[in-house]
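All of these numbers come straight from a predicted model, not from anything done at the bench. Just so you know, these numbers use all the heavy atoms, side chains as well, and skip hydrogens, waters and symmetry mates.
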Amino acid sequence: MTHATARPLAKPTTALARDPVPSQLDETPLARARVTGKDLLAHLVEDLDEDPEPPLEDFLGVLGSIAGFTTAYALARRIDEGSLSLQAPEVIVMTLSDGSRRYFGNFLNRRLAEQQISLFNLTAGMAKKLGATVFPDLPELFERVTKSATTVEFGVPRLPNGLGMDPPPEEMVRRRFPTCLPVLERYSLHPDDYFAACAFAIQQVIARSEGLIDPTLCVQIVMECAVPMSKIDPRSVLEDF
């Protein structure tokens, strides 16, 4: 990523959070998601430690990319298990010329933005606590990602102030998700809820970033990375899927 200045993230602890909140998830899955999120962030801090002061933007970009991809991973798992059918509007599949797929539909959209416990609501909620008042135009973002699904513009975040993702989100997923998956599986969290673990990790990053980065930008980075990565085929990332 291109940065004006490097803002390091202190290495987090992995202690279990003890303040679960009411949600659409049962309390036990929510608690598992919280502790999984702590472990996931700790793992990524170590995994990205080749940079002695990894910038906050990198954590947000990687976590946003992985969070989005976990929704596609959960969807593909359900399809393979036979617990989810390929029926619109719940699931819409676009097959590309190389045989890979792009996924769309309500299953993904709920986890990204439409339900109470969603990636956007958890991310924006923390940003709002730090003073954010302006948030991404989600309908525009979803429409843009859909229209670009078969073009070279797919997966290219639109960010202000000359910020750019290097590597791009899809490459982040290919590099990082295979090592993150064992962490996401550690506490028997259901794949449907992996996005929540990522969202709790993102909350930690935003909370630790107070005064270092605009919280509005935090939400924008996360969603610009997450929405397109929710569309990619897990089979293109995981050899043994």
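With salt bridges taken as basic N to acidic carboxylate O contacts below 4.0 Å, none links Arg158 and Glu153. Electrostatic pairing of Asp137 and Arg144 does not count as a salt bridge here, judged by no charged N lying under 4.0 Å from a carboxylate O. Salt bridge absent: Asp193 and Arg111 never bring a charged side-chain N and a carboxylate O closer than 4.0 Å. A salt bridge links Arg110 and Glu90; the closest N-O separation between the charged side-chain nitrogens and carboxylate oxygens is under 4.0 Å.
Minimum interatomic distance between Ile66 and Cys198 (heavy atoms only, all atoms of both residues): CG2-SG, 3.9 Å. Across all their heavy atoms, Val62 and Arg176 have their closest contact at CG1-CG, 4.0 Å. When every heavy atom of Ser65 is checked against every heavy atom of Met172, the shortest pair comes out as OG-SD, 3.8 Å. When all heavy atoms of Gly155 and Met229 are compared, the closest pair comes out as CA-CE, 4.3 Å. Across Ile213 and Cys218, no two heavy atoms sit closer than the pair CG2-SG, 3.7 Å. When all heavy atoms of Gly68 and Leu112 are compared, the closest pair comes out as CA-CD2, 4.3 Å.
Thr146 is linked by a side chain to side chain contact (heavy atoms under 4.5 Å, CB included) to Phe104, counting only residues two or more places apart in sequence or in another chain. Residues forming a ring pair (Phe, Tyr, Trp, His ring centres under 6.0 Å) with Tyr103 (at least two apart in sequence, or on another chain): none.
Within the 3.5 Å criterion, the main-chain N or O of Asn121 finds a donor-acceptor partner in the side chain of Ser118. With hydrogens and angles ignored, the 3.5 Å screen pairs a side-chain donor or acceptor of Gln115 with a backbone N or O of Ile117. With hydrogens and angles disregarded, a donor-acceptor distance shorter than 3.5 Å links the side chain of Asp233 to the backbone of Arg235.
In this structure, Arg102 forms a cation-pi arrangement with Phe154, its terminal cationic atom sitting closer than 6.0 Å to the ring centre and no more than 45° off the ring axis. Judged by a 6.0 Å distance limit and a 45° cone about the ring axis, Arg32 is not positioned over the six-membered ring of Tyr187.
Put simply, the side chain of Ile206 does not reach to within 4.5 Å of the side chain of Lys129, judged on heavy atoms. When side chains are defined from C-beta on, Glu140 does not count as touching Glu143, because their heavy atoms never get closer than 4.5 Å. With contacts defined as side-chain heavy-atom distances shorter than 4.5 Å, the pair Phe142/Asn109 qualifies. Counting only heavy atoms from C-beta outward, the side chains of Pro228 and Pro169 never approach each other to under 4.5 Å. Arg174 is listed as a side-chain neighbour of Ser236, based on a closest heavy-atom distance under 4.5 Å. Residues Leu63 and Leu40 meet the side-chain proximity criterion, which asks for heavy atoms closer than 4.5 Å.
Ring geometry for Phe177 against Phe69 counts as perpendicular: the plane angle is over 60°, on a 0 to 90° scale with 30° as the lower cut.
In this structure, the separation between CG on Asp192 and OH on Tyr194 is 9.5 Å, given to the nearest 0.5 Å. Atom CG in Asp58 sits 11.0 Å away from atom CG in Leu44 (nearest 0.5 Å). A distance of 6.0 Å separates CD1 in Ile221 from CG in Leu159, rounded to the nearest 0.5 Å.
Under the 4.5 Å side-chain contact rule for hydrophobic residues, Tyr73 and Leu96 do not share a cluster. Linking ILVMFWY residues whenever their side-chain heavy atoms come closer than 4.5 Å, directly or via other members, leaves Leu86 and Ile92 in distinct clusters. Residues Leu212 and Leu41 share a hydrophobic cluster, clusters being chains of Ile/Leu/Val/Met/Phe/Trp/Tyr side chains in contact below 4.5 Å.
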* Phe59 and Val45: CA distance, side-chain angles, deciding distance, side chain to side chain contact (heavy atoms under 4.5 Å, CB included) verdict -> CA-CA 8 Å; Phe59 283 94; Val45 169; 3.5 Å; yes
* side chain to side chain contact (heavy atoms under 4.5 Å, CB included) between Leu108 and Val227, worked out -> CA-CA 9 Å; Leu108 302 172; Val227 174; over 6 Å; no
* To do: Could you please spell out the steps behind the side chain to side chain contact (heavy atoms under 4.5 Å, CB included) verdict for Leu217 and Gln220?
  => CA-CA 5 Å; Leu217 177 59; Gln220 187 174 4; 4.3 Å; yes
* To do: Before giving the answer on side chain to side chain contact (heavy atoms under 4.5 Å, CB included), spell out for Val91 and Val93 the whole-Å C-alpha distance, their side-chain angles and the decisive distance to 0.1 Å.
  => CA-CA 7 Å; Val91 181; Val93 179; 4.0 Å; yes
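Within a 6.0 Å radius of CD in Glu239, no more than 12 heavy atoms belonging to other residues, nucleotides or ligands are found.
Residue Val152 shares its hydrophobic cluster (ILVMFWY side chains chained together at separations under 4.5 Å) with no other residue.
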